[in-house]
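What follows is a short report on a single structure.
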Amino acid sequence: MKKILVFLLTLSLLLSFTLPSFASHTVSRRLNDGAGLLNASEAQELGKELDRLSEKWDMDVAVVTVSSLDGDYPSSYAYRYYNDAANGFGTDGVLLLIAMQSRDYYVYPSGYGETAFTYAGLEYLCDRVAEELSEGEYADAIEEYAEQCDDYIAQAKKGKPYDDDNMPKAPFDLVKNLLISIGIGLFIGLVVAFGMKSALKTERRRYGAVEYVDKKGLKVTHASDIYLYSTVTRVRRQQNNGGGMHSSSGGGGGGRGGKF
């Protein structure tokens with residue numbers, strides 16, 4: 001009995017030393033999941049992927065999630081976090097910020113990141129990430145971000161970053177396109193069916209008196225519509241800028257973000 005107690009005590013002491021050490025290595029410094037959106041397995045896998053990309057391109061590809069911005073702007077929060085010396089990021093890099101309380105996301109590029117991630121390029125990237133975030137698929141959103149960053153930086157290294165005249169091709173969604181095709185087919189089928197049904201009707205509503213007059217032996221030699229006047233009303237169209245590019249409102253650098 002004494003041997004068993006000694007064994008259990010020794011095992012508990014070993015676990016108390018090894019578990020904290022293991023936990024400290026599950027998340028990379030480039031992945032700070034302060035909002036707790038990922039489980040341990042997801043955090044470890046995504047952290048390794050961000051480290052791999054950062055080493056591959058010699059620039060930091062990072063993510064930070066927070067519960068609250070504490071009243072700060074997403075742009076300035078992302079700027080301050082990336083440029084905080086304590087986080088150890090280099091001049092060149094890109095950071096994805098996810099704030100849960102306000103449902104904000106923001107992508108902040110730095111140094112060479114500003115070359116690789118143009119305004120138009122950031123808009124496309126943010127749309128892809130926001131789609132996953134809005135569905136609550138946080139691990140998928142970060143994975144999508146990492147994949148896009150890899151593609152964007154590779155494209156920039158070729159000397160032609162993604163921009164208005166050179167955007168990434170959206171992936172082909174087989175299910176979505178199949179549903180769209182079926183919908184279009186059904187619509188065309190209904191239009192044809194209603195057209196055939198309408199052609200079978202022998203009685204039709206008459207909107208003019210010409211046919212009735214002809215039946216009484218009168219002949220109409222000329223008929224015309226006379227245009228008298230028209231009224232044109234002009235309404236100023238409101239500009240809708242959407243999420244758009246966040247400037248340095250409240251401090252911070254360039255980038256793009258929005259709500260999810």
Side-chain angles (χ1 to χ4, degrees), residues 18-114 116-117 122 125-126 128-150 152-153 246 248 250-260:
T18 58
L19 285 180
S21 176
F22 174 76
S24 66
H25 289 84
T26 56
V27 180
S28 158
R29 68 178 178 83
R30 297 184 177 96
L31 176 60
N32 182 354
D33 183 26
L37 305 182
L38 309 171
N39 60 41
S41 176
E42 292 170 338
Q44 186 173 26
E45 182 178 347
L46 291 171
K48 287 181 178 179
E49 178 62 12
L50 294 176
D51 282 341
R52 184 187 72 82
L53 293 177
S54 299
E55 293 169 6
K56 174 183 178 181
W57 297 115
D58 193 25
M59 58 184 290
D60 288 297
V61 180
V63 175
V64 58
T65 75
V66 296
S67 298
S68 171
L69 295 173
D70 296 325
D72 203 351
Y73 292 96
S75 56
S76 59
Y77 192 102
Y79 170 85
R80 288 189 298 101
Y81 183 87
Y82 186 90
N83 291 285
D84 187 342
N87 294 320
F89 299 134
T91 301
D92 303 322
V94 59
L95 170 74
L96 169 63
L97 164 68
I98 302 172
M100 292 305 298
Q101 188 179 76
S102 57
R103 310 290 290 181
D104 280 300
Y105 69 92
Y106 197 87
V107 178
Y108 167 74
S110 175
Y112 186 75
E114 296 183 54
F117 298 88
L122 279 174
L125 185 152
C126 286
R128 296 292 298 274
V129 172
E131 184 177 348
E132 299 289 354
L133 290 176
S134 63
E135 296 177 0
E137 302 293 341
Y138 304 116
D140 290 344
I142 296 174
E143 183 177 6
E144 178 69 27
Y145 162 77
E147 291 177 358
Q148 292 296 325
C149 285
D150 191 20
Y152 274 56
I153 299 170
H246 287 269
S248 57
R256 192 184 191 282
K259 299 285 187 178
F260 63 91

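Numbering starts at 1 and runs along the sequence shown.
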Return the [atom1] to [atom2] distance between [X] and [Y], rounded to the nearest 0.5 Å.
{"X": "Ser75", "Y": "Arg80", "atom1": "OG", "atom2": "CZ", "answer": "10.0 Å"}
{"X": "Glu143", "Y": "Glu42", "atom1": "CD", "atom2": "CD", "answer": "9.5 Å"}
{"X": "Leu95", "Y": "Cys149", "atom1": "CG", "atom2": "SG", "answer": "10.0 Å"}

Residue pair [X] / [Y]: nearest heavy atoms and the distance that separates them:
{"X": "Leu69", "Y": "Pro74", "value": "CD1-CG, 3.8 Å"}
{"X": "Leu31", "Y": "Gly47", "value": "CD2-N, 3.7 Å"}
{"X": "Tyr105", "Y": "Cys126", "value": "CE1-CB, 3.6 Å"}
{"X": "Leu133", "Y": "Arg103", "value": "O-NH2, 4.3 Å"}
{"X": "Ala139", "Y": "Leu46", "value": "O-CD1, 3.9 Å"}
{"X": "Gly88", "Y": "Arg29", "value": "O-NH1, 3.1 Å"}

Taking side chain to side chain contact (heavy atoms under 4.5 Å, CB included) as the test, write out the residues that go with [X], two or more places apart.
{"X": "Asp84", "result": "Ala86, Asn87"}
{"X": "Ala146", "result": "Glu49, Leu50, Leu53"}
{"X": "Lys48", "result": "Gln44"}
{"X": "Glu132", "result": "Glu135, Glu137, Asp140, Ala141"}

A side-chain contact here means heavy atoms from C-beta on lying under 4.5 Å apart; do [X] and [Y] qualify?
{"X": "Glu114", "Y": "Pro109", "answer": "yes"}
{"X": "Leu97", "Y": "Tyr81", "answer": "no"}
{"X": "Asp58", "Y": "Asp92", "answer": "no"}

**OP:** Report the C-alpha separation of Asp150 and Lys56 in whole Å, then their side-chain angles, then the decisive distance to 0.1 Å, and conclude whether the side chain to side chain contact (heavy atoms under 4.5 Å, CB included) test is met.
**Re:** CA-CA 9 Å; Asp150 191 20; Lys56 174 183 178 181; 3.1 Å; yes
Under the side-chain hydrogen bond (donor to acceptor under 3.5 Å, both in side chains) rule, collect the residues that match up with [X], sequence neighbours excluded.
{"X": "Tyr112", "answer": "none"}
{"X": "Ser102", "answer": "Asp104"}
{"X": "Glu147", "answer": "none"}
{"X": "Asp51", "answer": "Ser28, Arg30"}

Original post:
Does Gly34 offer a backbone N or O that forms a donor-acceptor pair with the side chain of Thr65 under 3.5 Å?
Top reply: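 Between the backbone of Gly34 and the side chain of Thr65 there is a qualifying donor-acceptor contact (under 3.5 Å).
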Original post:
When you measure from the side chain of Ser54 to the backbone N and O of Val61, does any donor-acceptor pair fall under 3.5 Å?
Top reply: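 The answer is yes, because a donor-acceptor pair under 3.5 Å joins these two groups.
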Original post:
Does a donor on one side chain and an acceptor on the other come within less than 3.5 Å for Asp72 and Tyr79?
Top reply: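 No donor-acceptor contact under 3.5 Å links the two side chains.
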**OP:** Please work out which of the three classes, parallel, tilted or perpendicular, describes the rings of Phe89 and Tyr82, given edges at 30° and 60°.
**Re:**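 The arrangement is parallel - the two ring planes meet at less than 30°.
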**OP:** Go through the structure and list residues passing ring pair (Phe, Tyr, Trp, His ring centres under 6.0 Å) with Tyr138, not counting sequence neighbours.
**Re:**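 For Tyr138, no residue satisfies ring pair (Phe, Tyr, Trp, His ring centres under 6.0 Å) once neighbours in sequence are set aside.
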Original post:
Excluding sequence neighbours, so at least two apart, what forms ring pair (Phe, Tyr, Trp, His ring centres under 6.0 Å) with Tyr145?
Top reply: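 Listed in chain order: nothing, the list is empty.
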**OP:** Run the numbers on Val64 and Tyr108 for side chain to side chain contact (heavy atoms under 4.5 Å, CB included), then give the verdict.
**Re:** CA-CA 11 Å; Val64 58; Tyr108 167 74; over 6 Å; no
